[in-house]
Amino acid sequence: MAILTVFTVLVALLALGAVRCEDETIGPIFMKEPPNRVDFSNTTGAVVECAARGSPPPDVIWVRADGTAVGDVPGLRQVLPNGNLVFPPFRAEDYRQEVHAQVYACLARNPVGTIHSRDVNVRAVVQQQYESEVNNEYVIRGNSAILKCSIPSFVADFVNVISWHDEQENAYTINGTKEGDVVTQYFEAEVVSEYVIRGNTAVLKCNIPSFVADFVKVEAWVDSDKNEYMITDDIVVNQFYEAEILTEYVIRGNAAVLKCSIPSFVADFVKVEAWIDEEGTVISYSEDLVVSQYYVTEAENEYVIRGNAAIVHCKIPSFVTDFVHVESWVLDDGQILTINNTSYQEVVSQPYEAEADNEYVIRGNAAIMKCEVPSFVSDFVFVEMWMDSEGGTYFPGSNEAVLQAYEARVNDEFVLRGNTAILKCIVPSFVADFVHVVSWIMDNDTVTADENLDNISVVHQNYEPRVTDEDVLRGNSAIVKCTIPSFVSDYVQVVEWVTEEESLSVFSLNDSAANYAVNQFYESQVYDIYVIRGNAAVFKCHIPSFVSDHVHVVSWHDSEGGEFIKNENYVVSQAYTVNLVEENVLRGNAAILKCLIPSFVTEYVQVSSWIISEGDDETEIKVNDTTNRDVVSQAYTVNLMEESVLRGNAAILKCHISTFVTEYVSVSSWIISEGDKEELEIQQTDSNDLVVSQSYTVNLWEENVLRGNSAILKCHIPSFVTEYVTVTSWIISEGDNEELDINLDSDSNLVVSQAYDVKFWEEYVLRGNAAVLKCQIPSYVSEYVSVVSWIISEDDNEQEVKIDELSDLVVSQAYAVNLMEEYVLRGNSAILKCHIPSFVSEYVTVVSWIISEGEETDEINLDSDQNSYEGKYLVLPSGELHIRDVGPEDGYKSYQCRTKHRLTGETRLSATKGRLVITEPMGRVPPKFPSAQTTSGFQFHEFSDLAVLCPAQAFPAPMYRQVGAMFVATEDTPFSLQCPAQAFPVPVFR
């Protein structure tokens with residue numbers, strides 16, 4: 001077994017004894033804190049758990065938000081001895097707001113202290129009968145429709161929609177993964193005719209009906225010849241074109257931008273590569289050309305308060321700002337200030353006073369004093385030290401602390417016997433930066449924090465190490481592990497191993513020869529390697545794996561007794577012969593001779609020189625000799641071939657030089673001779689551009705064009721003079737009429753009067769929707785023709801609508817206005833809304849409401865005196881009817897709204913009558929909104945009334961206040977804010 005060395009140490013400060021700075025009491029700590037919100041039904045009840053621990057054990061009680069204790073209410077509320085708050089199931093008529101809609105808190109206290117839990121919002125819900133409704137929605141066929149499920153406000157907080165069902169009992173769940181259904185409908189796509197000038201680009205558009213536009217896309221186009229054009233195809237027609245440069249007028253000294261006008265039908269495929277001026281200079285994109293011009297800079301006057309910094313600005317003319325920058329400034333006395341001169345700094349000495357602001361701080365806390373230095377010297381003044389009223393000085397590098405009394409505490413720690421315990425000394429925060437633990441004091445000894453680690457005490461305990469058996473193949477390595485119990489593993493380590501055989505020595509970890517290996521017999525082998533004579537051979541020494549970690553090769557021995565050491569290089573000397581292969585080459589060409597060296601000596605043999613022999617003469621050329629560059633002088637002849645060329649075209653003559661001298665011969669000049677005339681020599685370096693004056697004829701080709709379309713005539717100039725000839729004007733003649741000369745640089749715009757027809761396409765539209773008619777004007781006159789009016793005819797009647805008139809024409813259509821039932825708590829306010837179809841909502845408004853009870857009717861107009869802000873009934877400017885203090889008698893009345901069409905003046909009554917469904921409140925109801933929509937937007941005209949409603953409900957009455965809203969009303973204009981909250985008893989508004 002393994003012999004282990006144990007260091008006897010003592011566990012510091014276990015909870016077995018008392019410590020001088022230790023306190024046996026512990027303040028209360030929550031083991032289970034209640035949640036922030038508890039909602040439950042009157043049929044289920046609820047239990048709110050609260051548990052805490054401490055020393056001594058704390059008392060757990062429940063309190064209200066105002067701090068008063070909570071007691072038992074028979075059948076409704078009970079506080080258990082274990083701290084749980086119980087709400088048993090109760091009947092609807094037993095609901096009490098002070099019990100079932102209250103804010104509670106759990107309080108735990110003992111002599112050490114008191115702790116509070118978070119606020120617990122308890123809300124009981126009384127089960128009531130309710131019905132949800134789905135309002136009718138009018139939608140155009142093929143469009144999307146959104147249906148809304150109306151849930152009564154008194155259960156809206158606890159009821160949500162989980163699925164929808166249609167008349168065929170199909171269910172649609174919110175989380176369903178079924179893809180949206182689309183109704184298959186028949187449709188036709190149309191292509192509108194486009195008129196375009198020949199050679200121009202035409203864009204055709206495929207019109208897809210709007211009700212399938214989201215699901216249909218164009219895949220390809222097919223022409224009348226059945227040719228198909230895919231979206232990814234690029235079709236370009238090769239056409240002749242000419243680029244033009246427009247004249248630009250620019251003030252001298254300013255930049256000028258010239259634009260190269262490329263015909264639109266090739267603009268996508270043609271780009272400008274360079275510009276050429278009249279002198280033939282080529283200007284590429286990468287060149288920056290700047291014209292040198294005279295300019296004057298100015299320094300503006302700057303007014304500045306004495307003692308402040310001043311910044312003077314140098315104004316440089318804009319046309320040279322890109323190329324001019326300030327290098328230095330010159331003062332009136334001739335002194336030069338450069339930008340990089342940082343040694344010149346002038347500061348004006350001025351009197352100033354520094355102030356220290358009063359700081360109020362709690363005794364024992366840190367205080368920070370600030371020295372306020374005037375801004376005009378703050379760049380040059382800094383604080384060197386502080387001085388108090390008693391003459392004491394404080395420098396920035398020193399740390400000052402006020403001596404204060406304090407007490408340190410040590411909390412109890414519970415730990416299993418044999419485990420490590422960590423005790424923490426709690427130092428008050430106001431001295432924590434200056435106080436640290438130097439020693440711990442036990443009942444019978446003192447342990448210093450910075451003592452040597454060898455003196456740390458550990459409790460001595462009995463333990464036994466174990467060695468696990470390891471099964472291993474003979475000759476392999478074995479690893480034996482000593483298992484030490486975990487509670488002493490930090491202090492116990494293996495120092496040596498002992499075997500069962502007494503003849504073997506002890507294996508010590510600290511022994512320098514601590515690596516032990518068993519001596520075993522082994523043999524190394526070298527396998528035969530077959531190699532071609534002259535090639536390299538690699539031999540490998542195979543050592544058995546069980547000794548490979550301890551055996552390595554030190555040398556090799558051959559059969560003749562030769563020894564080869566591992567780190568030396570050996571080469572065997574062998575006979576070899578170098579050969580030259582004959583090279584066949586044409587006279588005058590270059591020849592390359594190669595020296596062939598056998599491959600088995602190529603790594604060690606290289607060519608050092610070549611020997612050329614002719615008869616008895618020999619010449620040696622060294623490989624590294626760079627001075628011996630011989631060229632053989634040979635006779636050669638230069639020839640010119642005849643070139644056949646059409647008259648007026650350019651001709652290129654080429655000088656043919658023999659290939660064996662082309663590297664050394666170049667053309668320096670050309671000589672032109674004609675009969676006995678003096679020869680003309682043109683040097684290679686000359687920039688002469690010679691142009692021969694030749695006669696030429698300009699032609700016009702006939703152009704066939706459809707009547708009404710544009711025609712383009714082109715002047716054809718022979719190619720051999722196109723670089724020097726341009727069109728300056730066009731002459732138009734007709735019979736004996738005087739000719740019309742149109743210059744290219746004139747501003748004349750000629751338009752030929754042509755007959756044209758305007759067409760209409762039929763438009764299909766659903767009844768009640770808007771229709772857009774388009775007047776199709778032929779493209780060749782679209783620049784000069786515009787629509788001025790539209791004429792609407794019906795039988796013999798015609799009506800003209802001018803484009804510049806603000807006429808709004810609306811087609812009279814039948815529509816119906818509906819009213820829905822409204823659910824309201826007794827005693828609260830109710831709001832009835834008149835539902836107007838969306839396609840006439842811009843033109844139809846509510847003007848009055850009719851209230852019926854039996855045979856009695858009462859009409860309340862929007863602008864009548866009966867419509868009072870203080871009365872029971874109020875018609876809001878937006879058209880809703882506001883009913884205050886709803887009672888049972890209001891449930892027997894019916895309500896209708898009267899609407900008026902503002903364009904036609906037609907008035908209508910609502911098709912259905914609305915009623916109030918008055919609900920008796922079951923117990924008390926907390927404040928809530930009738931729906932999830934708590935925000936609304938309003939749009940109204942200036943000098944008009946607006947009523948903003950707050951749809952909250954509660955029982956007892958909720959308290960209202962305005963938060964973050966702003967209303968602007970003109971003088972002498974009525975203005976009211978309505979709050980449609982509901983509660984029982986009736987809420988009080990403020």
Evaluate the side chain to side chain contact (heavy atoms under 4.5 Å, CB included) criterion for residues Arg109 and Ile115: first the C-alpha distance (whole Å), next the side-chain angles of each, then the deciding distance (0.1 Å), finally the verdict.
-> CA-CA 6 Å; Arg109 62 186 177 187; Ile115 58 174; over 6 Å; no
Hey, mind stepping through Tyr104 and Val48 against side chain to side chain contact (heavy atoms under 4.5 Å, CB included) and telling me if it holds?
-> CA-CA 10 Å; Tyr104 298 94; Val48 186; over 6 Å; no
Apply the test side chain to side chain contact (heavy atoms under 4.5 Å, CB included) to residues Arg77 and Val99: give CA-CA distance (whole Å), side-chain angles for both, the deciding distance (0.1 Å), then the verdict.
-> CA-CA 7 Å; Arg77 183 178 63 204; Val99 175; 4.0 Å; yes
Side chain to side chain contact (heavy atoms under 4.5 Å, CB included) assessment of Phe87 paired with Val38 | CA-CA 11 Å; Phe87 295 93; Val38 176; over 6 Å; no
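Open room surrounds CZ on Arg53; 12 or fewer heavy atoms of other groups in view lie less than 6.0 Å from it. Counting non-hydrogen atoms of other residues, nucleotides and ligands closer than 6.0 Å to CG of Asp332 gives a total of 12 or fewer. The environment of Glu298 atom CD is sparse: at most 12 non-hydrogen atoms of other residues, nucleotides or ligands sit within 6.0 angstrom. Around atom CE of Met369, more than 12 heavy atoms belonging to other residues, nucleotides or ligands sit under 6.0 Å away. In Glu355, the CD atom is not crowded: 12 or fewer heavy atoms of neighbouring residues, nucleotides or ligands sit closer than 6.0 Å.
Residues Val70 and Arg64 are in side-chain contact: their nearest non-hydrogen atoms beyond the backbone lie under 4.5 Å apart. Looking at heavy atoms from C-beta onward, Cys50 lies in side-chain contact with Trp62 at the 4.5 angstrom threshold. Looking at Val120 and Val103, their side chains never come closer than 4.5 Å, going by heavy atoms from C-beta outward.
Judged by distance alone, the side chain of Arg123 and the main-chain N or O of His100 form no donor-acceptor pair under 3.5 Å. In this structure, Asn84 contributes its side chain and Val79 its backbone to no donor-acceptor pair below 3.5 Å. Between the side chain of Asn110 and the main chain of Ile26, a donor-acceptor pair closer than 3.5 Å is present. Checked by atom type and distance alone, the side chain of Glu372 never pairs as donor or acceptor with a backbone atom of Ala354 at under 3.5 Å. Under the 3.5 Å distance criterion, the side-chain polar atoms of Asn121 are left unmatched by any main-chain donor or acceptor of Gln102. No donor-acceptor distance shorter than 3.5 angstrom exists from the side chain of Asp72 to the backbone of Pro74, with no hydrogens or angles considered. Of the possible polar contacts, none joining the Arg409 side chain to the Cys425 backbone as a donor-acceptor pair under 3.5 Å is found. Trp329 places no side-chain N or O within donor-acceptor distance of the main-chain N or O of Gln335, the cut-off being under 3.5 Å. Under the 3.5 Å distance criterion, the side-chain polar atoms of Ser829 are left unmatched by any main-chain donor or acceptor of Arg884.
Of all non-hydrogen atoms in Tyr294 and Val296, the two that sit nearest each other are OH-CG2, 3.2 Å. Of all heavy-atom pairs between Thr297 and Tyr295, the closest is CG2-CE1, 3.9 Å. The two residues Pro56 and Thr25 come nearest to each other via the heavy atoms CD-CG2, 4.5 Å. Residue Ala101 comes nearest to Tyr95 through the heavy atom pair CB-OH, 3.5 Å, listed as atom of the first residue, atom of the second, then distance. Contact record, Trp386 with Cys371: CH2-N, 3.6 Å, taken as the closest heavy-atom pair. Here the closest non-hydrogen pair linking Ile831 and His882 is CG1-CD2, 3.9 Å.
The line from CD1 of Ile316 to OG1 of Thr321 is 7.5 Å long, rounded to the nearest 0.5 Å.
Residues Asp388 and Tyr394 bring a donor and an acceptor atom of their side chains to less than 3.5 Å of each other.
With sequence neighbours excluded, the residues satisfying salt bridge (charged side-chain N to carboxylate O under 4.0 Å, His left out) with Arg37 are Asp39.
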